[in-house]
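Read the structure below first, then the notes.
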Amino acid sequence: SNATSLPNINAIGIRTKQIVINACHYTHTRIVTCASLLFRVIVQIIKGKGYRMNKLMCVLLAFCITPIAFADHHGSESSAAEPFSVQVNLCTLKQSKDMRDYEKVFNAYVDWAQENNVDLFNARQTPLFTHADAANPLGYEFFDLLAGPFARQGKGWDLWMTTPEGQKLAAKWNEVADCNVRFGTGNVMFSKPEMETDNDRIISWNWCAVNEGVKVEQVMAAHAQRAASITDEAPMIGWVTLVPTVGAANIPGDFAHLVIYPDMESYMRVREYNAKGGWKNMRDYSALATCSGEAVNAETVLHRPSVDG
């Protein structure tokens with residue numbers, strides 16, 4: 001296959017203001033662990049902050065930087081992957097349409113993308129625990145993540161907009177759902193091998209903003225330090241940072257943390273750790289960035305591109 005290899009980008013599972021965290025910039029700044037900040041998402045309102053999210057933003061919910069208890073000896077991959085493009089489609093089904101109608105069109109898109117060598121990593125997330133309430137509804141039913149190399153995604157869009165086959169698919173898509181499309185930049189900070197095989201998982205989202213007077217490089221260094229200290233015993237299987245770039249005017253933060261878990265039991269291990277004192281490890285990170293809190297989605301991986309030779 002001519003498909004391009006995607007270096008461990010199976011999270012986003014979300015995915016954009018370019019201050020996203022690239023572990024390659026690891027400096028010696030000692031900013032203790034930001035352990036229990038689990039990812040939140042593009043979700044609603046940042047309470048107490050006066051930020052109001054649009055439909056799209058209501059999507060990526062969650063961040064949680066692994067607990068200190070699991071740090072000290074590094075096992076799996078951390079912070080070396082190249083940044084990648086993340087497209088987020090926040091969708092609501094049309095009246096009289098159901099997920100079977102939507103999946104038929106989506107599957108046709110995947111087949112078309114494969115035939116044209118522009119297929120991407122595809123995953124679908126549905127909300128489990130959100131910040132929505134009666135006054136601030138979620139604004140979407142589910143969202144799809146399409147992630148991959150920037151050039152490959154751009155080529156796919158060109159074919160989508162300029163070829164008869166692409167336009168036919170676009171028309172069918174518009175018949176079954178209303179989707180708001182956003183773009184962001186993703187970085188893999190930590191990844192276990194399970195990221196390449198686990199197709200049903202839990203994603204924690206958390207949106208954060210760099211505090212006044214703090215340099216982006218300081219936050220990047222803190223993330224790199226944390227990524228380097230995560231062990232294989234940690235309950236998460238991946239950690240991705242997402243920076244919103246296009247359609248991001250109403251996003252409730254400068255970047256989001258997405259932490260990927262194999263199941264709810266693993267996610268609750270972190271909740272227990274925080275409840276028993278791990279929350280104290282958030283203090284140092286709070287001096288660097290202010291985060292809105294976690295929200296959690298269920299994710300299903302729909303397609304993984306073939307890998308070259």
- request: Drop me the distance from C208's SG to L288's CG, to the nearest 0.5 angstrom.
  value: 10.5 Å
- prompt: With no hydrogens and no angle check, is any side-chain donor or acceptor of Q153 less than 3.5 Å from a backbone partner on L146?
  reply: yes
task: Could you grab the distance from atom OH of Y267 to atom CG of L128, nearest 0.5 Å is fine?
output: 10.0 Å
task: Supply the atom-to-atom distance I237 CD1 to D232 CG, rounded to the nearest 0.5 angstrom.
output: 12.0 Å
- line: So disulfide (SG to SG under 2.5 Å) across residues 98-178, not counting sequence neighbours, yields none
Salt bridge (Lys or Arg N to Asp or Glu O under 4.0 Å) partners for K155, two or more places apart: none
query: With a distance cut-off below 6.0 Å to the six-membered ring centre and an angular limit of 45° from the axis, does R226 pair with Y285 as a cation-pi contact?
result: no
task: Would you list the pairs meeting disulfide (SG to SG under 2.5 Å) in which at least one residue belongs to residues 93-140, sequence neighbours left out?
output: none
query: Any donor and acceptor pair, going by atom type alone, linking the side chain of Q167 with main-chain N or O of W160 inside 3.5 Å?
result: yes
message: Just to verify, what does D158 make a side-chain contact (heavy atoms from CB on, under 4.5 Å) with, not counting sequence neighbours?
response: M161
task: Quick one: list whatever passes side chain to side chain donor-acceptor pair (under 3.5 Å) with N174, sequence neighbours left out.
output: none
message: How about NZ on K94, more than 12 heavy atoms from neighbouring residues, nucleotides or ligands closer than 6.0 Å, or not?
response: yes
task: Return each pair, listed once, that meets salt bridge (charged side-chain N to carboxylate O under 4.0 Å, His left out) where at least one residue sits in residues 166-175; pairs must be two or more places apart or across chains.
output: none
- request: Hey, could you give me each pair passing disulfide (SG to SG under 2.5 Å) that has a residue in residues 117-187? Not counting sequence neighbours.
  value: C91-C179
- prompt: Among all residues two or more places apart in sequence or in another chain, which pass the side-chain contact (heavy atoms from CB on, under 4.5 Å) test with N116?
  reply: W112, V118, L159
Which side-chain N or O atoms in residues 95-103 pair as donor and acceptor under 3.5 Å with protein atoms at least two apart or in another chain?
from, atom 1, to, atom 2, distance (Å)
D98, OD1, R100, N, 3.0
D98, OD1, D101, N, 3.1
D98, OD2, R100, NE, 3.4
D98, OD2, R100, NH2, 2.9
D101, OD2, D98, N, 2.9
Y102, OH, D144, OD2, 2.5

query: Can you list the residues that meet the side-chain contact (heavy atoms from CB on, under 4.5 Å) rule with Q114, with sequence neighbours excluded?
result: V110, D111, D119, H303
task: May I ask you to decide if E299's main-chain N or O and N297's side chain share a donor-acceptor pair within less than 3.5 Å?
output: no
- request: If a pair satisfies disulfide (SG to SG under 2.5 Å) and one of its residues is in residues 211-244, list it, with sequence neighbours excluded.
  value: none
query: Roughly how far apart are H223 NE2 and Q218 CD, rounded to 0.5 Å?
result: 12.0 Å
- line: Applying side-chain contact (heavy atoms from CB on, under 4.5 Å) to D263 and not counting sequence neighbours gives E265, S266
field: Stepwise side chain to side chain donor-acceptor pair (under 3.5 Å) test for T92 and D178
entry: CA-CA 5 Å; T92 299; D178 294 315; over 6 Å; no
message: Closer than 3.5 angstrom, by distance alone: can the side chain of R152 be matched with the main-chain N or O of N117 as a donor-acceptor pair?
response: yes
